[in-house]
Amino acid sequence: MDYGFAPGSSAHHVNLRSMLTRRPSTTLVNRRDVVTIHDLIDRLDNDPAVTPPIGDMVIGTHAASKGFMTIRLSRGQAGFSDFEGVHDSIGAGSDSVAIPDALIGFVSGGAVTHNFHIKGCNVGRDRTDTSRNPAAPFLVKIKEALGDQVNVTAPKHFHGLDPASGVGMFEYMAYEFKLGVTPTVGARGKLRGFADHDAALAAFRAGGFTYLGNVAVGNDDWVPLIPEDITKTKNESIKVPLGTTIGTRQTMNVRRQFRFETDDVDWTLTFPTAADIPSDQPGRLAQLRADIPRDDRFKPTHPFPQYERLGFTSFTDFFAGYHWTFGTSKRDLVCKGVRFIYTVLLPILDRTTGNVIFNFYPDVGSAIPAVTTGLRESDNQFFGRA
């Protein structure tokens, strides 16, 4: 028996629990006293109704390619589960998330046969610097925290769900094609990214984006995806063909989106006295550029540098990728970096048939069979693995 877990109050968490309830051979753990990964493992390990060895664990959460999950590992954890938060949980005594060997039937020296599947957007995506290993350092760190005796998988793409009333739950994925732009200062000091629609369209066409199978996104494909007003997010629900009939349905609803966002970096430098703060922009930039790399997270020797989590391959590119402004407060130089992110969200279709690639989980008691062959955790086109 597999066990599913998706604590949270958002509509997406509700859909995740609905999916896990319908997932074959899966029991959903949904209790008010079980809110963290540690709680889940402790519950499974001590519940007399659970017969070890269990199967796999399936965790539903919000997540991102920056390398974090919103689900907490333990109650003592502050904030999201990022690389540092996961690292700090290793060997953390009563807050440890190491899975007991007996719970998964692991024998020292034996093969790893169980899985910890994460259902969260993009968190299994390969790292930006493809010359470095491992490809998915965040997943490797999670595997280490869990005791190194389970395989960890997570989506490389946007993870979407479509509840079909009276039928079941559809699961799909979508590409997230992203461009980051360093803002320039326009009229009245307002920051601007792409000059207009045509500039954005040209940039996406030149971005080297590909569909699965390394098929280039065609120039004409971008035309309906880039709106005239590129300063606002455009969110659409569209119908895509299933290529089969599920109940009476031959299509499902998926999200298609053009997203405009601001990505901010905040940094504070403290000087011996207020008079030591550089008064000009070049001096302040020089101080900031020298200070940030002193943080271990930004050092190239870090197993997953912060600049890489933000989509850059080097600190130099990271620093140049933001527009920096400064303010002062007593002895502090308050620094703020801003860049604009433009994203096209597009459902992943079979390029030959035009049908959406999906899984389907029927309502409990339904005679409609489940479809679990579209998105397999063993398929490295869709899932990262550690």
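Numbers for residues simply follow the sequence, beginning at 1.
For the residue pair Glu171/His159, the side-chain donor-acceptor check at 3.5 Å is satisfied. Checked by atom type, the side-chain pair Glu176/Asn122 shows a donor-acceptor distance below 3.5 Å. Under the 3.5 Å distance criterion, with hydrogens and angles disregarded, no donor-acceptor pair is assigned to the side chains of Thr128 and Thr313. A donor and an acceptor atom, one from each side chain of Thr182 and His323, are nowhere located under 3.5 Å apart. A donor-acceptor contact closer than 3.5 angstrom is absent between the side chains of Gln287 and Arg284.
Judged by distance alone, the side chain of Asn46 and the main-chain N or O of Asp42 form a donor-acceptor pair under 3.5 Å.
The residues Arg297 and Asp82 are annotated as not salt-bridged, no charged nitrogen and carboxylate oxygen being separated by less than 4.0 angstrom. A salt bridge links Lys119 with Glu377: at least one charged nitrogen is closer than 4.0 Å to a carboxylate oxygen.
Residue pairs satisfying the salt bridge (Lys or Arg N to Asp or Glu O under 4.0 Å) criterion with at least one member in residues 18-30, sequence neighbours excluded, are listed as follows: Asp2-Arg23, Arg22-Asp363.
Each of Phe260, Phe340, Tyr342 was compared with Phe194 under the ring pair (Phe, Tyr, Trp, His ring centres under 6.0 Å) criterion, and only Tyr342 meets it.
Evaluation of the side chain to side chain donor-acceptor pair (under 3.5 Å) rule for Glu236 yields Arg256 as partners, not counting sequence neighbours.
Heavy atoms of other residues, nucleotides or ligands lying less than 6.0 angstrom from NE2 of His197 number more than 12.
At least one side-chain heavy atom of Phe209 sits less than 4.5 Å from a side-chain heavy atom of Leu179.
The cationic atom of Arg309 (NZ for Lys, CZ for Arg) lies less than 6.0 Å from the six-membered ring centre of Phe304 and within 45° of the ring axis.
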Salt bridge (Lys or Arg N to Asp or Glu O under 4.0 Å), that's the test. Do Glu228 and Lys234 meet it? Break it down for me. CA-CA 10 Å; Glu228 285 299 320; Lys234 181 180 180 182; over 6 Å; no
